[in-house]
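Notes for the one structure printed next.
These values consider heavy atoms only, across backbone and side chains, with no hydrogens, waters or symmetry-generated copies. Counting from 1, the numbers follow the sequence of the chain as shown.
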Amino acid sequence: MWPEASSSYWPIPFCPVCTPEVVASQQPGADLITMGGAGAAIMAVAVSTTTVAPDYRIFPMINGGIPLWILTSVFGLVQMASIPRGDSAAYIASLSGAGAGWLFIFFLRRGYDGSIWINRFFDWVNDLFNPNKRKRGRSPKDEFYYKVSGTQPFKKIPNVTQQRIDEILDKINQQGYRFLTDEEKEILKRAADEEDL
């Protein structure tokens with residue numbers, strides 16, 4: 001498995017830094033070896049971000065900014081052009097990453113969050129080492145601390161005074177009823193219902 005040891009090359013099999021790519025880079029002819037690890041994942045993030053906001057502008061000081069879809073297109077072209085000829089697996093991985101990014105946003109817009117399972121897994125792992133485990137149950141956004149069924153949390157109710165009614169009636173005489181605001185119409189309606197004025 002390991003080539004013959006020489007004075008310039010000494011493999012350490014259990015060293016996490018000494019992966020085959022790094023160790024092989026110390027060998028003659030290593031310039032032919034490429035490392036293309038996260039290209040597909042980066043392509044997925046780039047395509048999903050572009051799917052969400054294609055007209056978002058980056059570098060706004062450069063002539064109003066460059067649209068995100070242009071940067072993603074350039075990145076995709078550079079990514080595909082940098083793959084060595086004959087490495088069909090790298091082409092498939094990059095295209096699959098782009099497709100996965102697009103599908104993630106496609107399903108997210110339709111209500112299915114494909115990242116929920118990994119978030120729950122990481123929460124579970126975090127809770128293993130957390131002495132103050134959070135209790136599972138309803139999330140805080142699902143709990144309401146006041147009755148919200150069909151009511152607004154705040155409704156402005158203007159004071160009805162004789163002076164305010166006179167101002168509204170003068171406005172009707174000068175401009176007409178159709179120029180009243182909704183608030184002014186509400187004041188007139190409340191004034192008609194009250195007997196005190």
Side-chain angles (χ1 to χ4, degrees), residues 1-2 11-26 33-62 64-155:
M1 177 175 161
W2 296 97
I12 304 173
F14 298 108
C15 176
V17 176
C18 299
T19 60
E21 290 86 4
V22 174
V23 173
S25 67
Q26 300 172 359
I33 297 174
T34 61
M35 294 174 55
I42 294 170
M43 183 70 81
V45 171
V47 169
S48 63
T49 305
T50 304
T51 304
V52 170
D55 292 326
Y56 183 79
R57 301 213 173 244
I58 306 245
F59 309 121
M61 299 301 285
I62 301 175
I66 302 169
L68 189 59
W69 69 270
I70 291 176
L71 289 175
T72 302
S73 300
V74 169
F75 170 72
L77 290 174
V78 169
Q79 173 79 9
M80 295 306 248
S82 66
I83 295 174
R85 190 168 21 129
D87 190 4
S88 61
Y91 285 112
I92 292 171
S94 290
L95 292 175
S96 297
W102 184 82
L103 281 174
F104 179 79
I105 298 302
F106 176 80
F107 286 121
L108 188 64
R109 287 180 175 166
R110 279 154 183 74
Y112 174 73
D113 187 3
S115 65
I116 247 92
W117 66 274
I118 194 75
N119 290 331
R120 287 184 182 157
F121 173 73
F122 283 128
D123 287 343
W124 176 78
V125 170
N126 186 36
D127 288 346
L128 285 177
F129 303 103
N130 187 0
N132 301 325
K133 292 183 181 181
R134 296 180 308 189
K135 66 175 188 172
R136 296 287 179 210
R138 295 176 62 188
S139 66
K141 71 177 185 178
D142 293 335
E143 296 179 10
F144 296 107
Y145 298 102
Y146 56 91
K147 187 176 179 180
V148 294
S149 60
T151 61
Q152 296 177 349
F154 176 75
K155 183 177 179 183

Please determine whether the number of non-hydrogen atoms from other residues, nucleotides or ligands lying under 6.0 Å from atom OH of Tyr91 exceeds 12.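 For Tyr91, atom OH is crowded (more than 12 foreign heavy atoms under 6.0 Å).
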Sequence neighbours left out, what pairs pass side-chain hydrogen bond (donor to acceptor under 3.5 Å, both in side chains) with at least one residue falling in residues 92-101?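 Passing the test, one end in residues 92-101: Gln79-Ser94.
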Holding to ring-ring contact (aromatic ring centres under 6.0 Å, His included), I want the full list of residues that pass it with Phe106, two or more places apart in sequence or in another chain.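 ring-ring contact (aromatic ring centres under 6.0 Å, His included) list for Phe106, sorted by chain: Trp102.
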Between CD1 on residue Ile66 and CZ on residue Phe59, distance to nearest 0.5 Å: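 Rounded to the nearest 0.5 Å, the CD1-CZ separation comes to 6.0 Å.
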Spacing of CG belonging to Leu103 relative to CG belonging to Leu108, to within rounding of 0.5 Å: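 Those atoms lie 12.0 Å apart.
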Tell me, do Leu95 and Met80 make a side-chain contact under 4.5 Å, heavy atoms counted?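 They are in side-chain contact.
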side-chain hydrogen bond (donor to acceptor under 3.5 Å, both in side chains) with Thr72: which residues, sequence neighbours excluded?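 Residues passing side-chain hydrogen bond (donor to acceptor under 3.5 Å, both in side chains) with Thr72: Thr50.
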How would you list, by chain and number, every residue that makes a side chain to side chain contact (heavy atoms under 4.5 Å, CB included) with [X], sequence neighbours excluded?
X      : result
Ala100 : none
Val78  : Val74
Ser115 : Phe104, Asp113, Ile118, Asn119
Ser48  : Ile105

Of all heavy-atom pairs between Arg57 and Gly64, which one has the smallest distance, and what is that distance?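 For Arg57 and Gly64, the tightest heavy-atom pair comes out as CD-O, 3.1 Å.
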